[in-house]
Amino acid sequence: MPSPGYFITVEGIDGSGKSTQARLLAERLSQEGELVTSVRDPGTTVLGERVRALLLEKSGSPPPDPFAEVALFLAARVQLLREVIDPALAKGALVVCDRYVDSTLVYQGAGRGLDQGGLLELHRLVGASRMPDLTLILDLDVKAARLRSDPALPLDRMEAEPTAYHERVRQGYLALAPRFPERVVVLPADLPPKELAESCWRVTRERLTARRAT
Ligand SMILES: Nc1ncnc2c1ncn2[C@@H]1O[C@H](COP(=O)(O)OP(=O)(O)OP(=O)(O)O)[C@@H](O)[C@H]1O
Ligand SMILES: [Mg+2]
C-alpha cells in the first residue's frame, strides 16, 4: 500500500539556504494545518547526531576513506528512516528532511567519484531505498554560498573541501533534475529568504495537490 504521508527533501550545496528553507516550509505547512515532521540527515536520532559530529569534525587525523564516509552517512540514514521518517509517513505526516540520499549521490558520487548506481544499490541493500516524493534543490553559485557563511565560525570538514569539489557537487545536483524529473525541482536560490520560501511553498503546494488528486 502506498504511504499516505508525503516526503519532501531540501538539497543544495553548503550554505545554499537548506536549513532556513526547510524550517520556513515546515512552518508554512503547519500553518496550513498539515501534520509536519522536521528532520535532518545525518541527524535527528541520537545515533545520527553522533555520526554527524564524527563526519563533520576536523580531527586532524587522516580523512575517512570515501567508502567509510558513505557507510557512516548510510548508518545515520537507515536509523533516521526506521526511527522517525517511516513512522511519521505511516501516520500521514508530511516529512521535511534537510538533506537525504541526493547528498550522498552528489557529495560522494559526483564529488568523490563513487559510482552513483552503486550508491543507490547500497541503499537498497541496507533497506534505505525509500526515495523522496519531492526534492527541492536550492541552486546557488559556490562563491555566493561561501560568502553567506559566518567568517567567525570555523569551516567543518565538508565545507573545507576545495572550491573545485563544491563545483562538482553543484553540477552533480543539477544533473539530478533530468535523471529524476518526477521528484526533483531546481530552484534558483539567489533570492532573499522570504522570496525563496514562496517558491518552495508554491512548488510544494502544486505537487502535493496533484498527488492528493490521484
Ligand atoms: N536566501 C538567503 N539569502 C541570503 N542569506 C541567506 C539566505 N538563506 C540563508 N541565508 C544565510 O546563509 C547562511 C546559510 O544558510 P543555511 O544555514 O540555511 O544554509 P544551509 O544550506 O543549511 O547550510 P549548510 O550546508 O552549512 O547546512 C545563514 O547564515 C543564513 O542566515
Ligand atoms: Mg544546514
Side-chain angles (χ1 to χ4, degrees), residues 7-30 36-45 48-59 63-64 69-70 72-73 76-77 80 84-85 95-112 132 134-174 176-177 184-204:
F7 184 20
I8 304 163
T9 58
V10 183
E11 295 273 4
I13 63 169
D14 295 45
S16 54
K18 297 176 298 297
S19 301
T20 305
Q21 293 307 319
R23 179 175 53 77
L24 293 173
L25 182 61
E27 283 171 11
R28 181 69 190 257
L29 287 165
S30 297
V36 180
T37 298
S38 291
V39 295
R40 67 174 184 175
D41 177 27
T44 302
T45 67
E49 290 294 337
R50 288 190 183 176
V51 169
R52 181 186 187 95
L54 271 178
L55 281 162
L56 297 183
E57 76 183 5
K58 280 201 291 184
S59 61
E69 192 180 51
V70 164
L72 284 168
F73 276 116
R77 188 163 302 142
L80 179 61
V84 187
I85 296 177
V95 173
V96 180
C97 188
D98 184 343
R99 293 197 183 280
Y100 187 64
V101 63
D102 298 314
S103 285
T104 301
L105 293 182
V106 301
Y107 280 80
Q108 281 71 45
R112 304 216 194 278
L134 171 63
T135 298
L136 304 171
I137 293 180
L138 309 183
D139 180 52
L140 187 64
D141 181 74
V142 172
K143 283 198 190 77
R146 179 53 56 86
L147 285 174
R148 285 181 180 179
S149 65
D150 183 347
L153 295 176
L155 297 177
D156 68 35
R157 191 177 60 82
M158 303 300 288
E159 287 166 345
E161 290 282 353
T163 304
Y165 175 80
H166 291 286
E167 280 295 349
R168 290 197 296 280
V169 168
R170 183 188 185 194
Q171 295 310 319
Y173 271 126
L174 294 175
L176 292 177
V184 171
V185 178
V186 176
L187 297 169
D190 54 346
L191 294 171
K194 280 190 181 158
E195 282 180 40
L196 184 53
E198 207 43 47
S199 310
C200 291
W201 164 243
R202 232 179 301 118
V203 170
T204 302

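All heavy atoms count here, side chains included; hydrogens, waters and symmetry mates do not. We number each residue from 1, following the sequence as shown. Atoms within each ligand, like the ligands themselves, are counted from 1 in listed order.
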salt_bridge(Glu198, Arg202) N-O dist < 4.0 Å: no
Could you check whether Glu161 pairs with Arg112 (Lys NZ or Arg NE/NH1/NH2 to Asp/Glu carboxylate O, under 4.0 Å)? yes
Does Arg77 pair with Asp41 as a salt bridge, N-O distance under 4.0 Å? yes
Which pair of heavy atoms, one from Glu11 and one from Thr135, lies closest together, and at what distance? CG-CG2, 3.8 Å
Between Arg99 and Arg40, is there a donor-acceptor pair closer than 3.5 Å when you use the side chain of the first and the backbone of the second? no
Between Phe7 and Tyr100, is the ring centroid distance below 6.0 Å? yes
Which heavy atom of Ile8 sits nearest to which heavy atom of Leu29, and what is that distance? CD1-CD1, 4.1 Å
Kindly give the heavy-atom pair with the smallest separation between His166 and Ile13, and that separation in Å. O-CG2, 4.1 Å
If every non-hydrogen atom of Tyr173 is compared with every non-hydrogen atom of Ser103, which pair is closest and at what distance? OH-OG, 3.3 Å
What's within reach of the Mg ion (ligand 2), meaning protein N/O/S atoms under 2.8 Å? Ser19 OG
Sort out the contact shell of ligand 1: every protein residue with a heavy-atom distance below 4.0 Å, listed by chain and number. Ile13, Asp14, Gly15, Ser16, Gly17, Lys18, Ser19, Thr20, Arg99, Arg148, Glu159, Leu191, Pro192, Pro193
